[in-house]
Structure formats: structure tokens, C-alpha cells
Amino acid sequence: GKKNGIISLLMSSCFFYCVAMANYDIYATFTVEHMASLLGYMAIISSYTMIYQYTGELTPTSHRGMVFCICGSFGRVGSFLGPYIQLLFTLLDKRITFGIFAGVSLICAIIISFTRDPTGRAMPETPKELKRLVKIVKTEQMMK
């Protein structure tokens with residue numbers, strides 16, 4: 001499902017940002033930092049697209065708008081912090097910035113690994129259906 005894809009993209013972005021910390025020149029004007037940063041950025045953008053779809057699958061229809069708004073507010077916090085992280089890149093060592101990007105990618109991958117995978121399950125459309133689904137899951141867990 002999408003969960004494994006998101007985790008693999010976030011882990012690959014973590015890897016690419018760790019590789020970007022190396023100071024190695026491929027050509028005089030092109031370095032490993034450029035290539036790894038580009039690949040890490042592409043992995044982050046791809047995982048963001050998949051996370052947006054995955055979030056909609058985790059919540060019932062009646063609560064989906066609220067959940068998307070909460071996710072959007074975290075995006076606003078990230079857009080607020082972006083210029084300050086760029087300032088770290090120009091003022092201090094570039095490895096600090098790449099370390100922050102790699103660490104955040106790793107933390108997000110770990111958090112997503114604890115969510116449920118809705119692949120092949122019927123999505124509850126109303127709060128009543130959600131309560132019924134929770135009762136079924138609790139009953140199945142008690143029988144084990």
C-alpha cells in the first residue's frame with residue numbers, strides 16, 4: 001500500500017540528505033551535494049503527494065476536512081521555519097541543514113510506521129460506521 005511507499009521515500013530522502021553532507025566534486029561546477037539534494041528533494045515531494053492521499057484514507061468522510069486542515073497548519077509551520085533553516089545553510093555549515101532535513105525525514109518515517117494500513121478495508125463514511133468498526137476491531141483483539 002501507500003504506507004510502505006511513503007516510508008521508503010522518506011528513508012531514501014534521509015539517505016540522500018546524509019550523502020549530500022559529503023564534500024566531493026564530480027565536476028568543477030557540479031558536486032555530489034547538488035545531485036543528492038536534488039534526489040532528496042524529489043523523494044520529499046513524492047512522499048508529500050502520497051501522504052496527502054494516505055491521510056484521506058485514514059479518516060472517515062465526516063472528519064476528513066478537519067484532518068486536512070490540521071495537516072495544512074503543520075505545513076504552515078514548516079513554511080515559516082524554511083527561511084530560518086536556509087539562513088543556517090548560508091551562515092553556518094551546510095551539514096547542519098542537511099542533518100535537519102535527514103532527521104525530520106527519519107522522524108516522519110518512524111511516525112508513519114505506527115499508523116494503520118487501510119489497504120483492502122472498507123472506509124467508514126459516518127461516525128456510526130466508525131464506532132461499529134472500532135467495536136469489531138476490539139472484539140477481534142479480545143479473541144486473540
Side-chain angles (χ1 to χ4, degrees), residues 1-127 129-138 140-141 144:
K2 289 181 184 75
K3 180 178 175 179
N4 294 331
I6 294 169
I7 292 172
S8 63
L9 283 170
L10 287 170
M11 293 303 290
S12 64
S13 68
C14 178
F15 170 75
F16 287 129
Y17 283 127
C18 287
V19 169
M21 292 183 201
N23 192 12
Y24 182 75
D25 296 338
I26 298 172
Y27 296 108
T29 58
F30 194 71
T31 63
V32 170
E33 174 189 338
H34 292 113
M35 182 60 92
S37 296
L38 181 64
L39 291 172
Y41 182 71
M42 287 176 16
I44 287 290
I45 293 298
S46 300
S47 67
Y48 177 78
T49 305
M50 290 181 75
I51 287 171
Y52 193 77
Q53 295 171 349
Y54 184 65
T55 302
E57 293 178 359
L58 290 177
T59 57
T61 305
S62 59
H63 295 80
R64 197 167 293 154
M66 180 183 63
V67 171
F68 279 129
C69 288
I70 291 170
C71 293
S73 64
F74 280 107
R76 299 273 181 168
V77 170
S79 66
F80 174 75
L81 293 176
Y84 295 107
I85 293 175
Q86 179 63 30
L87 189 64
L88 286 175
F89 186 80
T90 55
L91 294 179
L92 300 173
D93 193 12
K94 65 182 178 185
R95 290 178 287 194
I96 294 172
T97 306
F98 290 134
I100 290 171
F101 290 156
V104 169
S105 296
L106 182 65
I107 290 169
C108 289
I110 291 169
I111 290 171
I112 288 175
S113 69
F114 289 109
T115 61
R116 66 179 177 88
D117 193 7
T119 305
R121 294 185 188 165
M123 282 298 301
E125 297 293 328
T126 63
E129 290 178 9
L130 180 63
K131 287 179 184 177
R132 191 174 334 127
L133 180 68
V134 168
K135 287 180 185 177
I136 291 170
V137 169
K138 284 183 180 179
E140 288 175 355
Q141 289 177 350
K144 289 183 180 180

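Residue indices begin at 1 and follow the sequence shown.
Every residue two or more places apart in sequence or in another chain was checked for a side-chain hydrogen bond (donor to acceptor under 3.5 Å, both in side chains) with Ser47, and none qualifies. For Lys131, the side-chain hydrogen bond (donor to acceptor under 3.5 Å, both in side chains) criterion is met by no residue, not counting sequence neighbours. Remark: Lys3 engages no residue in a side-chain hydrogen bond (donor to acceptor under 3.5 Å, both in side chains) (not counting sequence neighbours).
The CD1 atom of Ile112 lies 9.0 Å from the CG atom of Leu58; values are rounded to the nearest 0.5 Å. Rounding to the nearest 0.5 Å places CG of Leu87 at 8.0 Å from CG of Leu92. The distance from the CD atom of Glu33 to the CG atom of Leu38 is 12.0 Å, given to the nearest 0.5 Å. Here the CD1-CG distance, from Ile110 to Leu10, works out to 10.5 Å after rounding to the nearest 0.5 Å. Within the model, atoms CZ of Phe16 and CG of Leu9 stand 10.0 Å from one another, a figure rounded to the nearest 0.5 Å. Put simply, SG on Cys69 and CZ on Arg64 are 13.0 Å apart, with the number rounded to the nearest 0.5 Å.
Shown here for Gly40 and Ser13, the closest heavy-atom pair between the two residues is O-CB, 3.7 Å. Here the closest non-hydrogen pair linking Ala102 and Cys18 is CB-SG, 3.9 Å. Contact detail for Lys94 and Met21: the closest heavy-atom pair is CE-O, 4.4 Å. Nearest heavy atom pair, residue Leu106 against residue Cys14, reads CB-SG, 4.1 Å. Across all non-hydrogen atoms, the minimal contact from Met11 to Ala109 is SD-CB, 3.8 Å.
Without hydrogens or angle criteria, Ser73 side chain to Ile70 main chain gives a donor-acceptor distance under 3.5 Å. Thr115 contributes no side-chain N or O that, together with a main-chain N or O of Ile111, makes up a donor-acceptor pair within less than 3.5 Å.
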Review point. Is there a side-chain contact (heavy atoms from CB on, under 4.5 Å) between Ser37 and Tyr41 once you walk through the steps?
Key: CA-CA 6 Å; Ser37 296; Tyr41 182 71; over 6 Å; no
| field | Test side-chain contact (heavy atoms from CB on, under 4.5 Å) applied to Ile100 and Leu88, step by step | value | CA-CA 10 Å; Ile100 290 171; Leu88 286 175; 3.8 Å; yes
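Between Tyr52 and Phe68, a ring centre-to-centre spacing shorter than 6.0 Å is recorded.
A tilted orientation is assigned to the rings of Tyr17 and Phe101, their planes being inclined by 30° to 60°.
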